[in-house]
J.: 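I have a structure I would like to understand better, so I am pasting it below and will then ask my questions one at a time.
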Amino acid sequence: MKKQIQELLLQSLAVLESKEIIPASNDLVIKIENSRGSKHGDFASNIAMTLAKTAKTNPRQLAQNIIDKLPESDVLERVEIAGPGFINFFLKQNAHQATVIDILNKGHQYGDSIVGANTPTLIEFVSANPTGPLHIGHGRGAAYGAAVASLLKKTGFDVSCEYYINDAGRQMDILAISVWLRYLQHSGTDVPFAENAYQGDYITDIAVKLHNEHAGEFILPAESFIALFKEEDPELKIDSLIKYCIDNLGEENYRIVFDAGLDSILITIKNDLIGFGVEFDNWFSERSLVESNTVKQCIAKLIKNDWVYEKDGAQWFRSSKLGDEKDRVLIRENGQATYFASDVAYHLNKVERGFEKIIDVWGADHHGYIARVKASMQALALSPEKLEILLVQFATLYRGKEKLQMSTRSGEFITLKELQDEVGKDAARFFYIMRKSEQHLDFDLELAKSESNDNPVYYIQYAHARICSVFRQLAEKGIKYQQAVALKDVSSLNEPHEIKLLATLARYPDVIENAAITYEPHQLAYYLRDLANDFHTYYNANQFLVEDDVVRNARLTLIAATKQVIRNGLSLLSVSSPEVM
RNA sequence: GCCCUGGUAGCUCAGCUGGAUAGAGCGUCCCCCUCCUAAGGGGAAGGCCAGAGGUUCGAAUCCUCUUCAGGGCACCA
């Protein structure tokens, strides 16, 4: 509808340009907005006000000129000038009514758009280190990333979802050591546990399983390495344990212990995500980048173009030349590549796979990282503007007034699974995206669980269930309803609440498109709340199952359309649309 | 110190990227089931949009400064 009005305005302006009432311009942006109150019509444009200056005339006069040259249209009832020079458009009733037909014809495709033009798009999210189960903090990234991906798919982007597995760094070695120590303890070896290792019970579970499959194979005499525990610095202690373990267990055996931890945790993560309604097209291993020498090749490329220098035995990337605060280390003094080096290679790989739009969803604590990754892309001539980094603030969990704390190392945290078991997938998914992503989120468990109108998820779902209920009543009463027939006459939809509901339904495609291109799924959440509200209001004000066949049928098409849109919207957020509540 | 975020009703937050009287939910107060699910609806009260300048026809929105809150500034990931 907006596009139609835009087109009309464009034609009018073309006439005015030809008469030199306004100067010719080729980059004219015509903004049409949904009016807030109905007295300002259905749509409004401020075009006269923005053009008034260059046209050297006053806005109201110009608005009148524009209106005079507006072509005939069968959707417009009338057009008015208001305020300082707004042009308000009032739609004909049947233009409103037509949305019902549009929605029911398109069904689950209502709201789809092609703005994405099949752009190959990669969205990487969650990517939590596989050192433990996903917790509450990861949940937000998962819900947000998945919602953005769904929105982009709906708007015509060719989307691929990816999880980057950090299976190559020191954290993973610490995990391996954690498993190994628990394994020894389980085998009856008397060894202490390192305070910096992962404390969670899941480590023991993995160790027990490893023991069942490889009893005795990875035991080393405690007295041969017990001295390592005397080291005061916990970081140095764990590093020496890692080294000892690799040297004495042998690469091959160490790898078995390592993989036991990695594989087990990865399976848990995958299952938790599936349960949460989040699925990935690809699980990308960091180790694969190292083993395929991509990281080395990448650094070689940087060296060749003089982006790297040596200082204090380390290899530095000249990121400060490309907008970063300082230069960054690629290869440490000890010869190990940094996480950043892998990331440079990873982004090179993303571009080489042909993605035009590359989206990374990161925790807000990584924001200092943006400049260096963009710098690396620039150095490799990879057009950094392809990369879009979306930051997600952490969620703070509350149980009523009580704030719940957590930390991964100590093993004291609430897992995503536990959250889901407690509040359910629907509430969890919805609450996570309800707030703008860069905003801190207070997640109240009590509220998410409450089956009351405090809870927006139930409010929206209830609207859906109520509509289903109406159709059940219809069947019980033996009233005939055929959608195709009913759609032939919807001209009775003239009640104020009906017009309001129709207008909200008509907004849906705009909401989807805007939510997608701004990466703001919360817009959809708010919209659905509005829609549910309009429906509930209508429900209370008007009876649907009335005597008059034509009126009843028309109303039923309207609520069927409402049901369809609620369903479409909720499914994008992976929230169910229950038929009964 | 430098760099990000944010400050809007008592509370939690929107505000369509510069528009018309600033909007929801919760909480408070009043009203509505002989009627398709009251997990609902209607109404009232509640605001110096943190503060000060600036940009222009017009600012919660854009720019500068101040202030407060959270986060980030590794040869960790």
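Because only heavy atoms are used, hydrogens play no part in the values below, and waters and symmetry mates are left out as well, while side chains stay in. Residue numbering restarts at 1 for every chain, and letters A, B, ... go by the order of the sequence lines.
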J.: Indicate whether OP1 or OP2 belonging to B:G19 is found under 4.0 Å from a side-chain N or O atom of A:Lys31.
T.: yes
J.: Look at the aromatic rings of A:Phe340 and A:Phe317 and report parallel, tilted or perpendicular, splitting at 30° and 60°.
T.: tilted
J.: Decide, for B:U17, between syn and anti: a glycosidic angle within 90° of 0 counts as syn, anything else as anti.
T.: syn
J.: What distance separates A:Leu505 CG from A:Ile566 CD1, expressed to the nearest 0.5 Å?
T.: 8.5 Å
J.: What distance, rounded to whole Å, do you find between the two P atoms, one in B:C30 and one in B:C36?
T.: 27 Å
J.: NA contact type, A:Asn88, heavy-atom cut-off 4.0 Å: base, sugar-phosphate, or nothing?
T.: base
J.: At what distance, to the nearest 0.5 angstrom, does CZ of A:Phe125 lie from NE2 of A:His138?
T.: 13.5 Å
J.: Across the strands shown, which category fits A:Met434 at heavy-atom distances under 4.0 angstrom: base, sugar-phosphate, nothing?
T.: nothing
J.: If you look at every strand shown and take non-hydrogen atoms under 4.0 Å, does A:Ala82 touch a base, only sugar-phosphate, or nothing?
T.: base
J.: Which whole number of Å gives the distance between the C1' atom of B:A52 and that of B:G19?
T.: 24 Å
J.: B:G6, B:G41, B:C76: which one has an atom nearest the side-chain heavy atoms of A:Gln439?
T.: B:G6
J.: When we call it a touch if two heavy atoms are under 4.0 Å apart, what does A:Lys2 touch: a base, just sugar-phosphate, or nothing?
T.: nothing
J.: Contact class for A:Ala44 (heavy atom, under 4.0 Å): base, sugar-phosphate, or nothing?
T.: base
J.: Where the side chain of A:Glu333 is concerned, which of B:C75, B:C36, B:G19 is the nearest nucleotide?
T.: B:C75
J.: Using the P atom in both, what is the distance from B:C33 to B:G15, to the nearest Å?
T.: 37 Å
J.: With sugar-phosphate meaning primed atoms plus P, OP1 and OP2, does A:Asp239 contact a base, only sugar-phosphate, or nothing at under 4.0 Å between heavy atoms?
T.: nothing
J.: Can you figure out which of B:A77, B:C75, B:C13 approaches the side chain of A:Val329 most closely?
T.: B:C75
